[in-house]
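In what follows, a single structure is set out as structure tokens and then discussed.
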Amino acid sequence: ETGVTQTPRHLVMGMTNKKSLKCEQHLGHNAMYWYKQSAKKPLELMFVYSLEERVENNSVPSRFSPECPNSSHLFLHLHTLQPEDSALYLCASSQVHLTDQPQHFGDGTRLSIL
Amino acid sequence: EDQVTQSPEALRLQEGESSSLNCSYTVSGLRGLFWYRQDPGKGPEFLFTLYSAGEEKEKERLKATLTKKESFLHITAPKPEDSATYLCAVGGTSYDKVIFGPGTSLSVIP
């Protein structure tokens, strides 16, 4: 496989469930990102990992918990979510964590909270 | 504060009708301006990076240009398959992250 792969593509969960989103990049990049995309709003950066170290946490509620076990894999653990958390969650990667580097995105996980 | 706006919000074109999308930005020390294409149900697909005013990049029917305050994405003789949302993003020196605009939704009618 090439590029950035996200699973699952769709997820429906209740407010009390615990689930995890998975991202894998096959580009040899050293930085990985989680974004939230809601209708009619710009992409919101949630977390940044550079060389497996978390370097950014954009005031994200603790019900979202990221994990980066190695430079190719990124997880987003979800628990006790709210209806307003329903959105498209996108994973991206870049060669290094610098603002002159283009990011390459997966196709996202469409999350619906009942 | 770094900011990115895009106009128009939505654009409908007839096939073959050329036009331009605008991305206006305010950033301290531009390090890179990025254009992406996003199809429904998909993630953004990287198109171009522009680094300095006066720079231009081309790909098929798309041409991106950059000034000190804005970037344009020119679409020449568009086809229906060019229909998508086009996102602009900027990276500067004041924040350690890239800021995305809200996007322009383009529809090309046969």
Side-chain angles (χ1 to χ4, degrees), chain A residues 2-10 21 23-25 27 29 31-50 53-60 74 87-112, chain B residues 1-10 23-53 55 57 59 64 66 71 73 84-105:
Chain A
T2 59
V4 180
T5 304
Q6 291 187 242
T7 54
R9 291 296 315 278
H10 302 273
L21 310 185
C23 175
E24 184 174 1
Q25 59 98 359
L27 299 169
H29 288 170
M32 297 187 76
Y33 310 81
W34 278 117
Y35 285 90
K36 177 183 180 181
Q37 188 174 36
S38 305
K40 304 293 185 183
K41 294 177 69 175
L43 269 69
E44 300 173 53
L45 180 65
M46 300 175 71
F47 301 104
V48 181
Y49 277 84
S50 177
E53 296 285 330
R54 191 193 308 181
V55 297
E56 182 109 16
N57 177 348
N58 257 21
S59 302
V60 179
L74 187 64
L88 181 67
Y89 288 84
L90 292 162
C91 172
S93 69
S94 62
Q95 189 69 49
V96 292
H97 177 48
L98 290 174
T99 54
D100 63 354
Q101 295 291 303
Q103 296 174 19
H104 298 268
F105 287 83
D107 283 335
T109 295
R110 174 67 62 184
L111 177 64
S112 298
Chain B
E1 182 179 331
D2 294 358
Q3 192 171 6
V4 180
T5 60
Q6 292 186 247
S7 62
E9 183 176 328
C23 171
S24 294
Y25 64 91
T26 303
V27 66
S28 298
L30 179 71
R31 300 199 64 191
L33 184 141
F34 311 94
W35 282 100
Y36 293 85
R37 168 195 171 123
Q38 186 173 21
D39 293 299
K42 299 276 192 175
E45 175 190 349
F46 170 67
L47 294 174
F48 306 109
T49 307
L50 301 168
Y51 293 106
S52 58
E55 190 175 359
K57 294 266 180 82
K59 180 180 180 179
L66 181 64
S71 176
L73 186 65
T85 295
Y86 291 85
L87 303 175
C88 171
V90 296
T93 56
S94 59
Y95 292 100
D96 200 17
K97 63 181 180 182
V98 171
I99 308 295
F100 280 81
T104 292
S105 175

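In what follows, every chain begins at residue 1, and chains take the letters A, B, ... in the order their sequences are listed. Since we're looking at a predicted model, the values are computed, not measured.
Heavy-atom proximity under 4.5 angstrom to chain B picks out A/Y35, A/Q37 from residues 31-39 of chain A.
Exactly one of B/V98, B/T49, B/L47 qualifies for a side chain to side chain contact (heavy atoms under 4.5 Å, CB included) with A/P102. That residue is B/T49.
The candidate from B/G101, B/G91, B/P44 with the greatest count of non-hydrogen atom pairs under 4.5 Å with chain A is B/P44. Top candidate by heavy-atom pairs under 4.5 Å with chain B, chosen from A/K41, A/Q101, A/Q6, is A/Q101. Ranked by heavy-atom pairs under 4.5 Å with chain A, the list B/E45, B/K97, B/Q6 is led by B/K97. For the options A/H97, A/H104, A/E44, heavy-atom pairs under 4.5 Å to chain B are most numerous at A/H97.
Among residues two or more places apart in sequence or in another chain, the salt bridge (Lys or Arg N to Asp or Glu O under 4.0 Å) test is passed with A/D100 by B/R31. Every residue two or more places apart in sequence or in another chain that forms a ring-ring contact (aromatic ring centres under 6.0 Å, His included) with A/Y89 is listed here: A/F64. For B/D39, the salt bridge (Lys or Arg N to Asp or Glu O under 4.0 Å) partners two or more places apart in sequence, or in a different chain, are B/R37.
For B/Y51, the part sitting under 4.5 Å from any heavy atom of chain A is the side chain, from C-beta outward, and nothing else. For a residue to count as touching a neighbouring chain, one of its non-hydrogen atoms must lie under 4.5 Å from one of that chain's; by this rule A/L45 touches chain B with the side chain only. Contacts of B/L33 with chain A are absent, with no heavy-atom separation under 4.5 Å from either backbone or side chain.
Contact check for A/Q103 versus B/F34: no side-chain heavy atoms found under the 4.5 Å cut-off. Counting heavy atoms from C-beta on, the side chains of B/D96 and A/V48 never come closer than 4.5 Å.
A distance of 12.5 Å separates CG of A/L98 from OG1 of B/T93, quoted to the nearest 0.5 Å. The distance from atom CG of A/L90 to atom NZ of B/K42, rounded to the nearest 0.5 Å, is 12.5 Å.
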